[in-house]
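The figures here come from the full heavy-atom set of this structure, side chains too, leaving out hydrogens, waters and symmetry mates. None of the values given here were measured: they were computed from a predicted structure.
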Amino acid sequence: MQQICALTRALCRGKQSSLMEPLSQRFLGTSRSTCIPTLSRFISNLPFATLDPQKLSGAQSYDIYNFVEGNWVKTLKADELPDPLNGEHFIKVPNTSVVEIDPFVRSLLSCSKSGLHNPFKNPERYLLYGDISAKAAHALKQPQVEEFFAKLIQRVSPKSYAQAVGEVSVTQKFLENFSGDQVRFLAKSFAAPGNHLGQQSQGFRWPYGSVAIITPFNFPLEIPALQLMGALYMGNKALLKVDSRVSIVMEQMLRLLHKCGLPLGDVDFINCDGPTMNKLLLDAEPKMTLFTGSSRVAEKLAVDLKGKVKLEDAGFDWKILGPDVQQVDYVAWVCDQDAYACSGQKCSAQSILFMHENWKSVGFVDKLQNLAGKRKLDDLTIGPVLTVTTEHMMNHIKQLITIPGAKVAFGGKPLSNHSIPTIYGAMEPTAVFVPLKEILKKENFNFVTTEVFGPFQIITEYTDEDLPLVLEACERMHAHLTAAVVSNDSHFVQEVVGKTVNGTTYVGIRARTTGAPQNHWFGPAGDPRGAGIGTPEAIKLVWSCHREIINDVGPVPKGWITPAST
């Protein structure tokens, strides 16, 4: 039966590409194909759901709630969010004020430093979370639930269906990975012999107790769901804050998790502005806060919270095309995906492309331009930019091309014929060429390597003799998240990898910077505050600390007498 369902879904997705429905129908009415009924027919079969994403509109808006101390609650004020595609107010999100944070503070303070469970306390909860994960993984694997979350993601963080459903798939696989006994295996201990009979030391993974999780808009399901579950697996009580523009996705995911057995007191969920959240954190003093987002906010939190943070902040992510030119069409496709999927709104997006001169002779930039030109708003392969306005991106381009030798390689124009509100950006996929030696000049470097969180990248060119300059540029960048060394030349790869630091680095002719699945570490390197996501190693690093317990039960040696003091 599962094989039949999988085949049906595959057929439906294949059919989508040839049945390009009008934008209003795809998002507000019919489903993606006739293979799957409209979501409104499924809504009664989704006991957790309190909305229909395909009917979500100005005419049928939705009110988001906070969740605290086991209850869904409203706030004194709420903000109306504009639809990223047409500007209609379609969601009301709580704007929690400072005077309303006491229940959240009280809830976090109620959790002891030893957590909700640990190897010596409530160990049955490890099994509980294995069961919750199994149930949630099974739910997300159902076509109608997968469709529900993919469509909901598209409504608030517009991206292609393939990108949106990819989030659901990664989350489902992650939950599947930590089903059954896998949660308790995260808390495995080790033992070492002591100095004498009856002495033995044991190392344990220990929860922090109360923790906070702050996540961005660009992955409304995957990032908060994976980090939240990791925190809970290790025995922490969590306060979750997702960017309010997309928090509707995790509101629905929390409702699903509650149906799957998540204890109501384990997670609180808040929507508020930055200053209010900052005040809450200072008052509640969570023992650890995970922040995924901008470097500026990350550095402020690190100071305010006295270093009790783990950070997965911005990434100006580089890709180096090595001297061995091969599989040109494939490499161009990956570069287009890395730079422009989700309209470039990924912390792992390809920000700068160092292209060996050998790639110029095969017309590589022309191939990249051709692929980028196929992206269109109709299928959301290009779409609204939620944190950078069109004006800001245009001004950035204008300043870049004042650098000697710099030019717009392609794009560089606003999108046309759309109804995206002006508070958001709407830009064609864009690449600006800047000469390598100009990039490295002191007066240019910081500006050229400023991350533009949209469909934008820098392209430059180098020769064999210039490789030290490329590596110098990589060394001088301050954010070391993802990177790619596109080469099957093992000596070239060794040279580059040995002299760089990015935490998630792909190498080989199929290397990419984006698209991290759940089966490998994703996170920065080079910073002791760096946070990972996805793997057992990431969960243990971020959401637990080491505790050593030394058993020393004796016996005391026969004839022992009190020695002289030392």
Side-chain angles (χ1 to χ4, degrees), residues 67 69-70 107-139 171 173-194 198-213 224-240 253-254 256-269 284 286-290 308 310 518 531-553:
F67 190 81
E69 297 181 319
S107 183
L108 279 184
L109 290 174
S110 71
C111 182
S112 69
K113 294 177 182 177
S114 58
L116 298 176
H117 62 264
N118 61 52
F120 289 78
K121 182 174 82 172
N122 302 326
E124 65 277 2
R125 282 173 51 92
Y126 293 113
L127 306 183
L128 169 67
Y129 272 99
D131 189 48
I132 293 168
S133 294
K135 291 176 180 176
H138 176 74
T171 305
K173 285 291 184 185
F174 170 87
L175 292 166
E176 205 167 59
N177 285 347
F178 293 99
S179 299
D181 285 326
Q182 297 308 310
V183 174
R184 81 160 123 207
F185 290 159
L186 288 170
K188 272 185 178 180
S189 62
F190 65 84
Q199 187 186 74
Q200 188 180 67
S201 62
Q202 283 184 279
F204 294 93
R205 298 312 300 177
W206 212 258
Y208 289 104
S210 63
V211 300
I213 303 165
L226 269 59
Q227 292 291 18
L228 173 65
M229 296 307 291
L232 297 172
Y233 293 156
M234 300 312 297
N236 301 291
K237 178 183 174 70
L239 170 65
L240 176 64
M253 185 63 187
L254 272 178
L256 170 60
L257 289 170
H258 288 155
K259 291 290 184 183
C260 293
L262 175 70
L264 297 181
D266 285 13
V267 181
D268 297 325
F269 175 66
K287 302 305 177 285
M288 212 289 289
T289 295
L290 177 281
K308 293 183 287 186
K310 286 291 184 180
Q518 71 293 328
I533 191 171
T535 61
E537 292 76 18
I539 292 170
K540 287 184 278 190
L541 173 79
V542 175
W543 295 116
S544 68
C545 56
H546 181 87
R547 186 182 188 189
E548 193 89 357
I549 296 176
I550 298 89
N551 293 291
D552 206 346
V553 298

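Here the NZ atom belonging to K237 is positioned 10.0 Å from the CG atom belonging to L232, to the nearest 0.5 angstrom. Note that OG1 of T535 and NZ of K540 are 9.0 Å apart. Values are rounded to the nearest 0.5 Å. Rounding to the nearest 0.5 angstrom, the gap separating the NE2 atom in H138 from the SG atom in C260 is 9.5 Å. C111 contributes atom SG, which lies 9.0 Å from atom CG of D266 (distance to the nearest 0.5 angstrom). Here CG of L128 is found 10.5 Å from CG of N122. Values are rounded to the nearest 0.5 Å. Within the model, atoms CZ of F190 and NE2 of H546 stand 4.5 Å from one another, a figure rounded to the nearest 0.5 Å.
I539 has its side chain within reach of Y233: a pair of non-hydrogen atoms, C-beta onward, lies under 4.5 Å apart. In this structure, H258 and F67 have side chains that are in contact, with non-hydrogen atoms separated by less than 4.5 Å. Using a 4.5 Å heavy-atom threshold, the side chains of S112 and K121 count as touching. You'll find the side chain of Q202 reaches within 4.5 Å of the side chain of N551, heavy atoms only. When side chains are defined from C-beta on, M229 counts as touching F174, because their heavy atoms get closer than 4.5 Å. Within the 4.5 Å cutoff, the side chain of Y126 has no heavy atoms near those of the L186 side chain. Side-chain atoms of C545 and K287, non-hydrogen and from C-beta on, never get closer than 4.5 Å to each other. Here the side chains of T171 and L226 are in contact, with some heavy-atom distance below 4.5 Å.
For the side-chain contact (heavy atoms from CB on, under 4.5 Å) criterion with L239, the lone passing option out of V267, I213, D268 is D268.
Taking each heavy atom of S114 and P207 in turn, the nearest pair found is O-CG, 3.3 Å. Between R125 and P263, the shortest heavy-atom contact is NH1-CG, 3.9 Å. Here the closest non-hydrogen pair linking W543 and G230 is CD1-C, 3.6 Å. The two residues F178 and G534 have their closest heavy-atom pair at CE1-O, 3.8 Å. Minimum heavy-atom separation, A538 to G532: CB-C, 3.5 Å. In this structure, A187 and R205 approach most closely via the heavy-atom pair CA-CB, 4.4 Å.
Here the side chain of E176 pairs no donor or acceptor atom with the backbone of A136 at under 3.5 angstrom. A donor-acceptor pair under 3.5 Å is formed between the side chain of N236 and the backbone N or O of Y208. Panel note: side chain K310, backbone M288; no donor-acceptor pair is recorded below 3.5 Å. Formation of a donor-acceptor pair under 3.5 Å by the S133 side chain with backbone atoms of G130 is not found in this model.
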Inset, instruction - Dump the intermediate steps for side chain to side chain contact (heavy atoms under 4.5 Å, CB included) on V183 and I132, then the final yes or no. - result: CA-CA 10 Å; V183 174; I132 293 168; over 6 Å; no

Inset, instruction - Report the C-alpha distance between M253 and L240 in whole Å, list the side-chain angles of each, state the deciding distance to 0.1 Å, and finish with yes or no for side chain to side chain contact (heavy atoms under 4.5 Å, CB included). - result: CA-CA 12 Å; M253 185 63 187; L240 176 64; over 6 Å; no

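For K308, the NZ atom is densely surrounded, since the number of other residues' heavy atoms within 6.0 Å is greater than 12.
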